[in-house]
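Remarks on the structure that follows.
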Amino acid sequence: MPELPEVETIATNLRNGTPDQPPIRGLVIDTGTVLWARSLAAPTLDEFLLRLPGQVVEEIWRRGKYLVLNLSQDYLLFHLRMSGDLLVERQESPLAAHHRLLIDFQNGYRLAFNDTRKFGRAWLVPDPETVLSRLGPEPLGAEFSATDLYQRLHAFHRQLKPLLLDQRFLAGLGNIYTDEALHKAGLHPLKISDEVNEDQAKKLWQSVREVLQEGIRHNGASIDWVYRGGDFQNHFRVYQRGGEPCPNCGTPIERIVVGQRGTHFCPHCQPRLR
DNA sequence: ACGAGCGCCTGTCGGC
DNA sequence: TGCCGACAGGCGCTCG
């Protein structure tokens with residue numbers, strides 16, 4: 001799915017607009033439409049349709065991989081999972097394949113939730129914490145320090161890769177940025193979290209922040225049919241580069257499977273021990 | 001407290 | 001050409 005940098009890019013686009021779409025802050029909602037029932041996680045369809053009209057989009061932000069719209073009464077949250085995207089388009093434009101949920105505004109535009117694989121979800125709730133409360137710290141937040149990461153790593157005895165993918169541990173990393181961060185930090189994806197020393201934790205902390213910031217700078221990554229305009233996919237160092245030379249040392253990148261996820265690392269730069 | 005397997009979905013790609 | 005399995009940015013669940 002879109003990971004933190006992709007969701008951040010989408011939030012920025014909704015807030016500021018793009019050459020193709022106007023900003024949605026301040027727009028008044030006319031109606032909602034649910035085209036695929038399971039895309040709406042909460043509330044019921046009836047309540048969703050009843051509560052939306054007249055609410056104003058006041059702010060747009062991101063928490064982990066969730067996108068949050070502050071409305072005048074409620075909060076509208078989206079999780080894009082593997083293939084979700086949010087677009088602003090004219091209401092008269094033809095319904096694209098895979099549109100799952102629409103928010104029509106009074107000015108003739110609509111917000112379209114497009115999601116090929118139907119894994120994404122939307123929530124309309126009075127308190128966003130009912131959806132967000134289990135998330136770990138924001139990796140780019142000012143209050144998240146290298147010392148925090150070291151202590152959190154030592155609170156568990158888990159393989160680094162599945163731990164970094166666990167949104168309760170840290171909010172926002174997915175398969176791409178985890179592989180990239182571990183490579184940058186020189187840590188094996190199967191290394192055990194409480195065997196990471198303070199220097200390594202500090203390096204991992206820095207690497208996580210750097211790869212996320214690099215992703216944001218490139219407007220995220222665009223893969224397959226989900227093209228969002230970003231080009232970070234041209235800057236992967238290990239992700240989906242099995243067999244290719246490591247950019248640091250030339251050793252062929254290895255691909256293994258960890259927790260059913262393809263995992264890419266350099267066996268020379270990322271030793272499992274020490 | 002862990003990790004593995006599976007389900008949820010649609011689409012693409014490579015091998016035969 | 002068609003068919004078939006592997007795989008894909010995620011995550012919640014069950015089961016050892």
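Because the structure is predicted, anything quoted here is derived from the model rather than measured. Order of the sequence lines sets the chain letters (A, B, ...), proteins ahead of strands, with each chain counted from 1.
Residues from residues 121-135 of chain A placing a heavy atom under 4.0 Å of any atom in DNA chain C do not occur. Interface residues of residues 253-260 of chain A facing DNA chain B, ordered by number: A:Gly259, A:Gln260; criterion, heavy-atom separation under 4.0 Å. Of the residues in residues 154-164 of chain A, A:Phe156, A:His157, A:Arg158, A:Gln159 come within less than 4.0 Å of DNA chain B through at least one heavy atom, sorted by number.
The CG-P distance, from A:Asp115 to B:dT10, rounds to 10 Å in whole Å. Rounding to whole angstrom units, CD1 of residue A:Ile223 and C1' of C:dC7 are separated by 12 Å. Spacing between atom CZ of A:Arg168 and atom C1' of B:dG3 amounts to 13 Å, rounded to whole angstrom units. Distance A:Gln167 CD to C:dC13 P: 15 Å, rounded to the nearest Å. Here the C1' atom of nucleotide B:dT10 and the CH2 atom of A:Trp36 are 11 Å apart, to the nearest Å. When rounded to the nearest whole Å, the span between CD of A:Gln240 and C1' of B:dC13 equals 12 Å. Residue A:Glu3 contributes atom CD, which lies 9 Å from atom P of C:dC11 at whole-angstrom precision. Between A:Arg117 atom CZ and B:dG7 atom P the separation is 15 Å, expressed in whole Å.
By the side-chain hydrogen bond (donor to acceptor under 3.5 Å, both in side chains) test, A:Glu214 is found to be paired with A:Arg237, residues two or more places apart in sequence or in another chain being considered. Every residue two or more places apart in sequence or in another chain that forms a salt bridge (charged side-chain N to carboxylate O under 4.0 Å, His left out) with A:Arg25 is listed here: A:Glu59. Residues that satisfy the side-chain hydrogen bond (donor to acceptor under 3.5 Å, both in side chains) test with A:Glu254, not counting sequence neighbours, are absent from this structure. Residues satisfying the salt bridge (charged side-chain N to carboxylate O under 4.0 Å, His left out) criterion with A:Glu138, sequence neighbours excluded, are A:Arg62, A:Arg63.
Once rounded to the nearest 0.5 Å, the distance linking CZ of A:Arg121 with CG of A:Leu101 reads 11.5 Å.
Listed nucleotides B:dC8, B:dT10, C:dC11 differ in distance to A:His79; the shortest reach to its side chain belongs to C:dC11.
The other residues sharing a hydrophobic cluster with A:Ile256 are A:Leu190, A:Val258, A:Phe265, where clustering joins ILVMFWY side chains under 4.5 Å apart. A:Leu102 belongs to a hydrophobic cluster whose remaining members, ordered by chain and number, are A:Leu35, A:Leu95; membership requires side-chain heavy atoms of ILVMFWY residues under 4.5 Å apart, directly or through intermediates.
Annotation: salt bridge (charged side-chain N to carboxylate O under 4.0 Å, His left out) contacts involving residues 37-52 of chain A, sequence neighbours excluded, comprise A:Glu47-A:Arg51, A:Arg51-A:Asp74. For residues 173-196 of chain A, the pairs satisfying side-chain hydrogen bond (donor to acceptor under 3.5 Å, both in side chains) are A:Glu6-A:Tyr177, A:His157-A:Asp194, A:Lys161-A:Asn175, A:Lys161-A:Asp179, A:Asp179-A:His264, A:Lys184-A:Glu210, with sequence neighbours left out.
In DNA chain C, runs of at least 3 consecutive Watson-Crick or G-U pairs, each pair with both distances below 3.5 Å, span B:2-8 with C:10-16, B:10-16 with C:2-8.
The main-chain N or O of A:Pro139 is found under 3.5 Å from a side-chain atom of A:Arg209 such that the two form a donor-acceptor pair. Distance alone, capped at 3.5 Å, is enough to place a donor-acceptor pair between the A:Arg152 side chain and the A:Phe169 backbone.
Straight-line distance between the C1' atoms of C:dT1 and B:dT10: roughly 23 Å, to the nearest whole Å. Across the P atoms, B:dC9 and C:dC3 are found 24 Å apart, a figure rounded to whole Å.
In A:Arg90, the CZ atom is crowded: over 12 heavy atoms of neighbouring residues, nucleotides or ligands sit closer than 6.0 Å.
Ring planes of A:Tyr150 and A:His154: tilted class, angle from 30 to 60°.
The side-chain ring of A:Phe119 is not stacked on the base of C:dC11, judged by centre separation under 5.5 angstrom and plane angle under 30 degrees.
Within the structure, a side-chain polar atom (N or O) of A:Lys118 is placed less than 4.0 Å from OP1 or OP2 of B:dT10.
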| task | Might you work through the ring pair (Phe, Tyr, Trp, His ring centres under 6.0 Å) test for A:Tyr66 and A:Phe78, ending with a clear yes or no? | result | CA-CA 6 Å; A:Tyr66 290 85; A:Phe78 290 93; over 10 Å; no

